[in-house]
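A note on names: the letters A, B, ... follow the listed sequences, proteins ahead of strands, and every chain is numbered from 1.
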Amino acid sequence: MVEESEERSLDFVRQIVADDLAKGKFRQSVTRFPPHPNGYLHIGHAKSICLNFGIAQDTGGVCHLRFDDTNPVAEDPHFVDSMQEDIRWLGFDWGEHLYYASDYYEQLYEHACTLIRKGDAFICDLSSEEIAERRGTLTEPGEASPFRDRPADESLDLFERMRAGEFEPGARVLRARIDMGSSVLPMRDPILYRILDTPHHRTGNTWPIYPMYDFAHSLSDAIEHITHSICTLEFQDRRPLYDWVLERVGIPEPRPRQYEFAELSLSRTILSKRFLGQLVGEGAVAGWDDPRMPTLSGMRRRGFTPESIRAFCDGVGVARRDNTIQLERLHFEVREHLNQVAPRAMGVLRPLKLVVENYPEDREEELPAVNNPQDPQAGTRLVPFSRELWIERDDFLEDPPKKFHRLSPGKEVRLRYAYLVTCTEVVKDASGAVVEIRARYDPETRGGDAPDGRKVRGTIHWVSARHAVPAEVRLYEPLFEEEDPMAAAEDGDFMKLLRADSLEVVDPAWLEPSLGEAPIGLRLQLERLGYFSVDPDSTAGRPVLNRTVTLRDSWAKIAKPKASR
RNA sequence: UCCCCGGUCGUCUAACGGCAGGACAACAGACUCUGAAUCUGUGAAUCGUGGUUCGAAUCCACGCCGGGGAUCCA
């Protein structure tokens with residue numbers, strides 16, 4: 001039990017890093033997180049961030065943050081800012097190592113010229129369609145461009161004129177001269193540079209040509225002396241090209257090496273900047289930071305802690321097989337953390353009036369309540385009690401099943417931190433709906449313990465009606481019912497699968513008065529209900545709460561085993 | 001179909017030729033002023049077939065299943 005953490009085995013990437021360090025191949029590890037600034041970071045990125053920055057932390061290396069901004073069409077400085085905020089929030093620091101691929105445009109251009117001079121690249125005048133036609137198929141080789149053997153001088157001249165802005169977008173491209181017959185498609189004379197007339201968010205209009213991913217990424221890694229270039233599985237077919245570029249431009253050994261791991265998938269969730277952007281764009285959610293979104297900003301707003309997300313990422317491991325993590329695992333981690341740190345309070349979501357008949361109308365008192373049973377340092381607070389209370393509708397049943405420990409006619413329960421009360425009467429309206437419960441309290445049980453030692457099994461939460469603070473509480477369910485929405489969607493139309501009930505607004509819910517001025521961002525537990533965070537939409541005296549996650553509820557499983565999932 | 005990668009409890013993930021282990025989930029019980037937390041326990045896996053070996057989840061071969069790869073995206 002003691003050495004468990006010490007014996008925890010390394011994932012295959014960390015193993016490679018450890019081996020390289022042990023062999024002395026590198027003095028220290030240099031990794032990088034290279035996002036394309038075209039959306040918000042999500043929990044899948046968190047896995048990559050934790051891996052890359054985690055390796056730096058674990059091995060005394062460094063991790064760079066590099067914006068892979070080689071396609072101005074989709075990029076926006078707003079995303080650059082949000083990404084930095086999210087990474088910092090997650091708890092990682094790139095120090096002085098903030099880079100942009102666009103900072104390397106001049107060097108990349110020089111490297112491209114080197115390739116042209118060596119006969120490893122050429123300017124191709126074919127149109128986009130013509131290039132596509134000649135690419136071949138998965139089973140058939142491609143056909144060489146008629147410009148493939150263009151003299152280096154001519155290509156160089158054309159390339160310079162491309163840079164000078166002499167040609168229209170699409171008129172010409174720079175292509176690597178590799179092998180149109182390769183069974184590795186990215187090696188079939190891939191495009192290295194294209195002409196774009198879109199202004200860049202950092203370089204403005206200075207560059208009419210932009211490097212493609214394979215060229216820019218490999219060389220950016222080399223420029224930064226990255227030792228281990230870690231990416232997801234879909235890039236594995238491009239590794240030969242990555243190596244080819246570095247070798248051909250003459251990057252000396254030891255060169256950066258690319259390693260691929262399986263990206264994170266989460267059940268009942270989609271993780272793709274593009275599709276998440278579609279949810280935002282079509283108004284299916286309120287924004288990138290909607291608490292239902294798996295974005296880091298959405299999760300932050302929902303009440304997830306950085307600690308819990310890091311624990312989650314560490315827990316799921318790093319491997320090469322496709323995987324889908326169950327949402328329950330994420331919920332486990334956030335409960336695990338919040339249980340330790342979240343202050344407790346009482347609040348009622350579905351109010352039912354409880355009148356304590358023998359408690360004087362004009363009387364009220366303040367009862368001490370423990371702030372966090374997991375943390376004695378958290379102390380206690382005073383909660384007001386009076387004759388009329390709100391209790392949870394679910395905590396009363398006129399005709400209870402066998403193991404129901406809550407309120408029902410004639411039964412006694414404990415009002416948490418207050419008194420034992422016995423239900424004496426059920427008041428109904430004309431339609432027969434229960435509108436009020438009447439009960440008598442035992443004055444000897446102040447604080448919740450009976451002097452005669454009698455055991456009361458049920459304890460329910462409550463709020464004094466007179467003192468209660470109204471609040472809006474937002475309850476969330478996953479956006480999708482399907483384990484794998486993208487697989488379940490016909491023609492990729494996942495919008496049709498969106499649940500109508502992913503957001504439920506409870507208004508008003510009644511909270512104990514200590515929550516009246518709860519600061520935005522506070523994470524708390526409403527006892528017996530779940531963990532919540534105070535939303536930025538809150539106004540003075542009127543909190544808005546997001547339910548991060550419910551508490552585990554073993555009664556729900558007994559009561560309604562089928563509906564509980 | 002051409003190339004690449006991968007298949008271990010329901011879900012993740014270990015085991016680096018030598019006892020298939022852990023976590024989440026599930027189930028049962030104990031405890032409980034949160035039906036929470038905590039504690040105890042139970043069930044649950046090496047894709048198949050051959051081969052190599054004293055010994056195979058691990059190495060080899062063949063098969064089966066799954067994923068990725070043809071954008072002037074990353």
query: Side chain of A:R406, base of B:rG35: donor and acceptor closer than 3.5 Å?
result: yes

Donor on one side chain, acceptor on other, A:R528 and A:H461, under 3.5 Å | yes

Quick note, salt bridge (charged side-chain N to carboxylate O under 4.0 Å, His left out) partners involving residues 335-346 of chain A, not counting sequence neighbours, are none

Please classify the nucleic acid contact of A:T70 as base, sugar-phosphate, or nothing, using heavy-atom distances under 4.0 Å.
sugar-phosphate

Residue set satisfying side-chain contact (heavy atoms from CB on, under 4.5 Å) with A:I87, at least two apart, ordered chain then number -> A:F33, A:L41, A:I49, A:F53, A:L65, A:F92, A:W94

Provide the distance between the two C1' atoms, one in B:rA44 and one in B:rA23, to the nearest whole Å. 14 Å

Quick note, salt bridge (charged side-chain N to carboxylate O under 4.0 Å, His left out) partners involving residues 175-189 of chain A, not counting sequence neighbours, are A:R148-A:D189, A:D149-A:R177

Item to complete: Would you please indicate yes or no on a ring centroid separation below 6.0 angstrom for A:Y193 and A:Y210?
Response: no

Sorted by chain and number, sequence neighbours left out, ring-ring contact (aromatic ring centres under 6.0 Å, His included) with A:Y417 holds for none

Which of B:rA26, B:rG35, B:rC5 is nearest the side chain of A:Q236? It is B:rC5

Suppose you measure atom C1' in B:rG48 against the same atom in B:rG7; what distance do you get, rounded to whole Å? 12 Å

P atom, B:rC62 versus B:rG6: distance in rounded Å? 16 Å

task = Using a heavy-atom cut-off of under 4.0 Å over every strand shown, decide if A:R239 touches base, sugar-phosphate, or nothing.
result = nothing

From the candidates B:rG35, B:rC24, B:rC72, the one with an atom nearest any side-chain atom of A:E328 is B:rC24

query: Which is true for A:F235 with a 4.0 Å heavy-atom rule: it touches a base, it touches only sugar-phosphate, or it touches nothing?
result: base

Practice item. Run the salt-bridge test on A:E224 and A:R66 with the 4.0 Å N-O cut-off and return the result as yes or no. Key: yes

Within the 4.0 Å heavy-atom criterion, would you say A:R552 contacts the bases, only the backbone, or no part of the nucleic acid?
sugar-phosphate

Taking the inter-plane angle between the rings of A:Y441 and A:Y419 on a 0 to 90° scale, is it parallel (under 30°), tilted (30 to 60°) or perpendicular (over 60°)? perpendicular

Annotated structure of RNA chain B as dot-bracket, pair cut-off 3.5 Å, Watson-Crick or G-U only, | for inter-strand, is .((((((..((((....[..)))).(((((.......)))))....(((((..]....))))))))))).....

Q.
Please classify the nucleic acid contact of A:F215 as base, sugar-phosphate, or nothing, using heavy-atom distances under 4.0 Å.
A. nothing

Per atom distances to the A:R320 side chain, the nearest of B:rG6, B:rC27, B:rG35 is B:rG6

When rounded to the nearest Å, what value does the distance between C1' atoms of B:rU32 and B:rC39 take?
-> 12 Å

### Message
What contact category does A:R238 fall into here, base, sugar-phosphate, or nothing, at under 4.0 angstrom with non-hydrogen atoms?
### Response
base

* Hey, does the side chain of A:R135 come within less than 4.0 Å of B:rC2's phosphate (OP1/OP2), counting only N and O? -> no

Between the protein and nucleotides 8-12 of chain B, list every N/O to N/O distance that falls short of 3.5 Å.
| unit_1 | atom_1 | unit_2 | atom_2 | d |
| --- | --- | --- | --- | --- |
| B:rU8 | OP2 | A:R321 | NH1 | 3.1 |
| B:rU8 | O4 | A:R321 | NH2 | 3.4 |
| B:rG10 | N2 | A:Q326 | OE1 | 2.9 |
| B:rU11 | O4' | A:Q326 | NE2 | 3.1 |
| B:rU11 | O3' | A:T324 | O | 3.3 |
| B:rU11 | O2' | A:T324 | O | 2.9 |
| B:rC12 | OP1 | A:T324 | N | 2.9 |
| B:rC12 | O5' | A:T324 | O | 3.3 |
| B:rC12 | O2' | A:V316 | O | 2.9 |
| B:rC12 | O2 | A:R329 | NH1 | 3.3 |

Among the nucleotides B:rA74, B:rC24, B:rC72, whichever has the atom closest to the side chain of A:I131 is B:rC72

Check every strand shown and say whether A:L266 touches a base, only sugar-phosphate, or nothing at a heavy-atom separation below 4.0 Å. nothing

Across all chains, not counting sequence neighbours, the ring-ring contact (aromatic ring centres under 6.0 Å, His included) partners of A:H405 are none

### Task
Assess the pair A:F261 and A:F12: is the distance between their ring centroids shorter than 6.0 Å?
no

> Does a donor on one side chain sit under 3.5 Å from an acceptor on the other, for A:Y40 and A:H78?
Replying inline: yes

For this session: Quick one: label A:Y213 by what it contacts on the DNA or RNA (base, sugar-phosphate, nothing), any heavy atom closer than 4.0 Å.
Result: base

Please state the P separation for the pair B:rU71 and B:rG66 - nearest whole angstrom. 24 Å

Worksheet item: Just wondering, do A:L389 and A:V356 contact through their side chains at under 4.5 Å, heavy atoms?
Response: yes

Just checking, is any N or O donor in the side chain of A:T305 or A:H337 under 3.5 Å from an acceptor N or O on the other one?
yes

Within the structure shown, what part of the strands sits under 4.0 Å from A:V456 by heavy-atom distance: base, sugar-phosphate, or nothing?
nothing

Please list, pair by pair, any protein nitrogen or oxygen found under 3.5 Å from a nitrogen or oxygen in nucleotides 40-42 of chain B.
none

| Contact class for A:S128 (heavy atom, under 4.0 Å): base, sugar-phosphate, or nothing? | base

| Checking all strands, does A:Q525 fall into the base, sugar-phosphate, or nothing category for heavy-atom contacts under 4.0 angstrom? | base

What residues 333-343 of chain A contributes to the RNA chain B interface at heavy-atom separation below 4.0 Å is A:N339

A:V184 meets the side-chain contact (heavy atoms from CB on, under 4.5 Å) criterion, sequence neighbours left out, with A:S182, A:P186, A:M187, A:P240

Regarding A:Y417, tell me which of base, sugar-phosphate or nothing describes its non-hydrogen contacts under 4.0 Å with the strands shown. base

Ranking A:G458 and A:D11 by the position along RNA chain B of their nearest nucleotide, the one closer to 5' is A:D11

For the residue pair A:F79 and A:F67, is the inter-centroid distance of their aromatic rings smaller than 6.0 Å?
no

### Query
For residues A:Y100 and A:D68, is any side-chain donor paired with an opposing acceptor at under 3.5 Å?
no

- Query: Ring stacking, A:W555 with base of B:rG35, under 5.5 Å and under 30°?
  - Reply: yes

Rounding to an integer number of angstrom, what distance separates B:rG22 and B:rC9 when you compare their C1' atoms?
12 Å

Taking the six-membered ring for Trp, are the ring centroids of A:Y105 and A:H200 within less than 6.0 Å of each other? yes

Margin query: Taking 4.0 Å as the cut-off, does a side-chain nitrogen or oxygen of A:K273 come that near to OP1 or OP2 on B:rC73?
Written below: no

- Query: Mind checking the C1' distance from B:rU53 to B:rG21? Whole angstroms is fine.
  - Reply: 25 Å

Exercise. Pick the C1' atom in B:rU46 and in B:rC19, then give their distance to the nearest Å.
Key: 15 Å

Nearest-nucleotide check on RNA chain B, A:L330 vs A:T139; residue mapping nearer the 5' end is A:T139

Applying side-chain contact (heavy atoms from CB on, under 4.5 Å) to A:S127 and not counting sequence neighbours gives A:E129, A:E130

What nucleic acid atoms does A:D449 come within less than 4.0 Å of, heavy atoms only: base, sugar-phosphate, or nothing? base

Query raised in the report: Base, sugar-phosphate alone, or nothing: which one does A:H36 contact when heavy atoms must sit under 4.0 Å apart?
Result: sugar-phosphate

Numerically ordered, the residues 371-382 of chain A set in heavy-atom contact under 4.0 Å with RNA chain B is A:P373, A:Q374

Practice item. Could you verify whether a donor N or O on one side chain and an acceptor N or O on the other, from A:R134 and A:S145, lie under 3.5 Å apart? Key: no

